[in-house]
Amino acid sequence: MNGAVIPNTPIAVDFWRLRHCSHSRVFFLSHMHADHTAGLTSSWNTYKIYCSEVTRKLVIAKLGVNSDLVVGLPLDECLIINLDETGQETMTVTLVDANHCPGSVMFIFEGYFGKILYTGDCRFCDRFTSHSAIQGKLFDILYLDNTYCDPKCFFPSRTQATVNIMKIIRSHPECKVVIGLHNLGKEMLLHSIAVVLKTWIGVDPVRKETLELLEMPNVFTCEIDKVWIRVVKSNEITKKNIQHWNSNEPTIAILPTCLYIGATNPYANVENVFVVPYSDHSSFEELRKFVQSVKPRKIIPIVHKHRLSPGETINSRVNMNVFQSLMDSSPSSQYTVPRSVECFMTAEIQRATKQRVKATGKLCMRKTAKIKKPCGVVFPPDPETTETETDKSDVDVNESDRKSTVFKGTGDKEHGQDITKRNAVTSSSIKCGFADSESRGKSDVGSDSGEKDYSMVQRITGNEMNAVASSSSIKCVTAVSESGGKSNMGIESGEKDHGIAQQTFGDEQNSIVLRPLNLA
DNA sequence: GCGATCAGAT
DNA sequence: CACATCTGATCGC
């Protein structure tokens, strides 16, 4: 369980045990992974949950949380949130794409408590440090994704990892391929494989549903008998299953993970299993870069439960002293909790009045399942599915109890709810493909972040990856930075990598043709 | 019996 | 070993 209650504030992030956070009133969810939603279920009936639009969809669909209580916020906009009943005291929050999994965000909180950067889970990229909400600010606290906070944790960019995986698949032309993944994340790896190898990727219906929810290009099929590459849950990659699969036909398994770096690889002696370093978290070197750039006064690690490596006596990954020399040593400014906020934090729990049918994730998925589209040969999906869901929160939020956080600000009703944009940051739609001439020629191995992934793939696999570039005209909704000059965020940064989170695919026809299913 | 919570395993 | 899970035990309603 990787959440935090921020002391002396009504803020809780990725923390859902109300008994253990009786003063928390404003809840944020960084992304839809199980270790960040522990305790969040369909019976959540108290406070609003703030998250990205993508995470909102996932939380409602997978966990069955009352949609009235889930508020999807835009990225890159400075939004005002009330910290008491009346809006006397407020803070601002800015969501920044965390480059981790679809919908994942970092939160920047600014208020009477100072400035706090909460990374959630993230993979560092240069975009972080140049972001207008981060650059030039003095942060009092950095809540840091310390998953791989160990000098041993050194691994390639996701681009390089993608290329490595492609090579493994290519060098086993006679084998079927199973890729072990968790429920959410690494979708772009799958998409790259599909496009470069011109093949469908087999997935189970639950994953298919997720991919449709994320509006991924339709390169996925549930007809797993007809494909040669398919996805399974990572815990299905076992010795027993490998043997079973190979008793039918030659099969290799790929585990894209950095889990075993700096540790023992349990698959070291298992035949036909390839553990490929592919990380959705920052390497140690990337963490150093990030800290050096943010220069916080204090760092609080987000991940506490690391197991000890052999010979390790203390959990070194939670020791933030390794960053001491990169931090700001000036004393934190003192503050007191405003009286109205104090009242807010001790007030009675407000419960949502609307009763909801309780549902398990699976049940809920079945209920919300869209009508299956015929599985053709050309992607992306039909126009009907490319229509983005319009902002339901307009209605939902107004119906629900607004008391706790509504800011009845002036003017801007663009998102029609209890959040008001500050500083007149405007959003605009730009289109961008995957081609990224900017990064051409740079070395991309080692500590590089994932931000240049597609250009790298393009460079290495040549014409094939041009397919990626030309096929997916991606609409990036991005904010024009106040500082100017960095408006092409989609192109310069990691959005290409995990940007499916906030991007809409398939707003144009494209010409890539996958092999017919049976030719696998 | 069900949900919340946690320990343990992979 | 342990990314993010999943399973099973326990407790309380």
Side-chain angles (χ1 to χ4, degrees), chain A residues 1-3 14-21 30-46 58 62-65 98-104 119-123 145-150 152-153 155 158 161 179-187 189 204 206-207 210 231-242 253-270 273 275-284 286-287 301-313 315-318 356-363 450 498:
Chain A
M1 201 274 295
N2 300 324
D14 299 343
F15 197 99
W16 313 103
R17 307 234 153 95
L18 286 174
R19 286 178 185 176
H20 302 286
C21 58
S30 67
H31 66 291
M32 187 43 194
H33 273 159
D35 52 335
H36 292 255
T37 60
L40 179 57
T41 66
S42 58
S43 48
W44 184 265
N45 64 352
T46 44
L58 292 167
K62 303 287 182 181
L63 299 180
V65 176
N99 200 27
H100 173 66
C101 73
S104 66
T119 67
D121 283 358
C122 70
R123 177 137 192 204
D145 172 14
N146 58 312
T147 300
Y148 290 127
C149 184
D150 183 319
K152 287 190 288 245
C153 293
F155 33 72
R158 284 177 291 205
I179 302 174
L181 294 180
H182 291 301
N183 294 334
L184 184 66
K186 304 186 172 75
E187 289 77 13
L189 167 66
D204 63 65
V206 172
R207 191 179 298 272
T210 306
V231 180
V232 299
K233 294 266 179 62
S234 57
N235 62 6
E236 292 176 62
I237 309 286
T238 60
K239 215 172 208 172
K240 193 178 144 200
N241 277 339
I242 297 282
I254 293 173
L255 274 169
T257 178
C258 289
L259 184 58
Y260 310 119
I261 286 180
T264 319
N265 173 7
Y267 297 95
N269 299 315
V270 182
V273 177
V275 178
V276 188
Y278 183 113
S279 180
D280 287 325
H281 298 271
S282 307
S283 66
F284 184 70
E286 287 165 347
L287 289 174
I302 289 176
V303 183
H304 301 285
K305 277 191 190 169
H306 291 100
R307 295 216 188 152
L308 303 180
S309 299
E312 217 175 11
T313 50
N315 187 348
S316 61
R317 292 188 188 193
V318 300
R356 290 275 299 184
V357 178
K358 292 186 182 177
T360 67
K362 276 176 188 170
L363 258 175
H498 277 264

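Chain naming here is simple, since letters A, B, ... match the order of the sequence lines and numbering starts at 1 in each.
Rounded to a whole Å, the NZ atom of A:Lys240 is 13 Å from the P atom of B:dT10. Rounded to whole angstrom, the span from the CG atom of A:Leu63 across to the C1' atom of B:dG3 amounts to 15 Å. The nearest whole Å value for the distance from the CE atom in A:Met1 to the C1' atom in C:dC6 is 18 Å. Per the geometry, CD1 belonging to A:Ile237 stands 18 Å off P belonging to C:dA4, to the nearest Å. Look at CG on A:Asn265: it is 16 Å from P on B:dT10, rounded to the nearest Å. The interatomic distance linking A:Glu187 (CD) with C:dC3 (C1') rounds to 14 Å, in whole Å. Spacing between atom NZ of A:Lys186 and atom C1' of C:dT5 amounts to 13 Å, rounded to whole angstrom units. One can place CG of A:Asn99 at 16 Å from C1' of C:dC3, the figure rounded to the nearest angstrom.
For A:Tyr278 and A:Phe155, the ring centers sit 6.0 Å or farther from each other. The aromatic ring centroids of A:His182 and A:His33 lie 6.0 Å or more from each other.
Counting non-hydrogen atoms under 4.0 angstrom, A:Thr41 reaches the backbone sugars and phosphates but no base. Note on A:His182: a base of the nucleic acid sits closer than 4.0 angstrom, heavy atoms only. Looking at heavy-atom distances under 4.0 Å, A:His281 makes contact with sugar-phosphate atoms alone, never a base.
The two residues A:Thr37 and A:His31 come nearest to each other via the heavy atoms CG2-O, 4.2 Å.
The listed nucleotides are C:dA4, C:dC6, C:dC3; the one nearest the side chain of A:Asn183 is C:dC6. You'll find that the side chain of A:His20 is closest to B:dC6, out of B:dC6, C:dC3, C:dA4. Candidate nucleotides C:dA4, C:dC6, B:dT5 were compared by shortest atom distance to the side chain of A:His100, and C:dA4 ranks first. Of the candidate nucleotides C:dC3, B:dA4, C:dA4, B:dA4 has the atom lying nearest to any side-chain atom of A:Ser43. If you check C:dC3, B:dC6, C:dA4 against the side chain of A:Thr257, the one that comes closest is C:dC3.
For the pair A:Lys233 and A:Asp204, the salt-bridge criterion is not met [side-chain N within less than 4.0 Å of a carboxylate O].
Within the 4.5 Å cutoff, no side-chain heavy atoms of A:Val232 are placed close to those of A:Ile179.
For the pair A:Tyr260 and A:Ala34, nearest-nucleotide mapping onto DNA chain C gives the more 5' position to A:Tyr260.
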